[in-house]
Amino acid sequence: MVTIASWNINSVRLRMSQVARLLVQEAPDVLCLQEIKCQEHQFPAEAFAELGYVHQVIHGQKGYHGVATVSRIPLRECSRHDWQDNGEARHVGVELLGPGGGMVLENVYIPAGGDTPDREANPKFGQKLDFIERMTRWADALDRPTLIVGDFNIAPLDCDVYDHKALLKVVSHTPVEVETLDRFRYAHGWVDLGREHIPAPGRCYSWWSYRAYWRKKDQGRRLDHMWASPELAPHARAHRVIEETRDWEQPSDHVPLVTEFAL
DNA sequence: ATGGCTCGTTCGACGAGA
């Protein structure tokens, strides 16, 4: 059994104690973090090592973004894509060695896309779509069993948001984003493990705004995902959304996903 | 129905998140 977790932590240095709590509670073999918000040399490497996560692949930058994959089973970095072509640290890929050997694990933080869902008025929105289109061309050529996880910043299904109609013009749930993400999914036949294990319209939010009023009304969105190659997906035995972390003290606005694979 | 919190920057607003 190999257990993989993913969590947009929104500053790993600020929340290392919460990460430790999750690692003890869920005992994943591998944890993929997004928005670590630090450079490689600032990453709390020693704290992870003390918990047994001695294998660490970090793609950080100063202040913003940044991803890291930590593991208690051996792994090897195999890619570091810049799908936005602007130098931001939003991806790292590893190959698992030993248990789960041969699986490729892609850890990605897709850009949020700014406020306005219009390429002309808001360049960040275009960058988000372009980022996913580059991922699509990459996925088209994949020939190994792969799991891609992370913060996709898109809630694809109607039931992935608290109010589908109200969010049709809100970045994260617009039809153009959903269609762009659909093309990425078709390019490789990715299986959405979240909805494989928690069928629509089951509750499956992974993000709630920090704004207290929205949080109180449970206005969540499913922005975080785990997608598996067609040959890998049938090995997934369990999938959980660890919603309780959102009620921990000074939490991340995202909650972790955990999937167990019989490998 | 609601951009009303929270982060890192680095010491006080500001850009960014989504």
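Only heavy atoms go into these numbers, but all of them, side chains included; no hydrogens, no water, no symmetry mates. Every chain is numbered from 1, with letters handed out A, B, ... down the list of sequences.
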Looking only at side chains, do Ser172(A) and Arg221(A) share a donor and an acceptor under 3.5 Å apart? yes
What do you reckon, are the aromatic ring centroids of His254(A) and Trp7(A) less than 6.0 Å apart? no
Which part of the nucleic acid, if any, lies within reach of Tyr109(A) when heavy atoms closer than 4.0 Å are counted: base, sugar-phosphate only, or nothing? sugar-phosphate
In whole Å, what separates the P atom of dC11(B) from that of dC5(B)? 25 Å
Pick base, sugar-phosphate or nothing for Arg215(A), based on heavy-atom distances below 4.0 Å to the nucleic acid. nothing
Within residues 154-176 of chain A, those residues having any heavy atom closer than 4.0 Å to DNA chain B are Ser172(A)
Base, sugar-phosphate or nothing for Asp115(A)? Non-hydrogen atoms, less than 4.0 Å. base
Sugar-phosphate, base or nothing in reach of Lys124(A), heavy atoms under 4.0 Å: sugar-phosphate
Distance-only polar pair, side chains of Lys37(A) and Asn10(A), donor-acceptor under 3.5 Å: yes
For nucleotides dT10(B) and dG15(B), find the distance between their P atoms and express it as a whole number of Å. 15 Å
Exercise: do Ser206(A) and Asp224(A) side chains pair donor with acceptor under 3.5 Å: yes
Of all the heavy-atom pairs spanning Ser252(A) and Ile9(A), show the shortest one and how long it is. CB-O, 3.6 Å
Provide a list of protein-nucleic acid N or O atom pairs under 3.5 angstrom, restricted to nucleotides 6-8 of chain B.
from   : atom 1 : to        : atom 2 : distance (Å)
dC7(B) : OP1    : Arg15(A)  : NH1    : 3.1
dC7(B) : OP1    : Gln250(A) : NE2    : 3.1
dC7(B) : OP2    : Gln250(A) : NE2    : 3.4
dG8(B) : OP1    : Ser11(A)  : OG     : 2.4

Rounding to an integer number of angstrom, what distance separates dT6(B) and dA1(B) when you compare their P atoms? 25 Å
Glu88(A) CD - dG15(B) C1' separation (whole Å): 13 Å
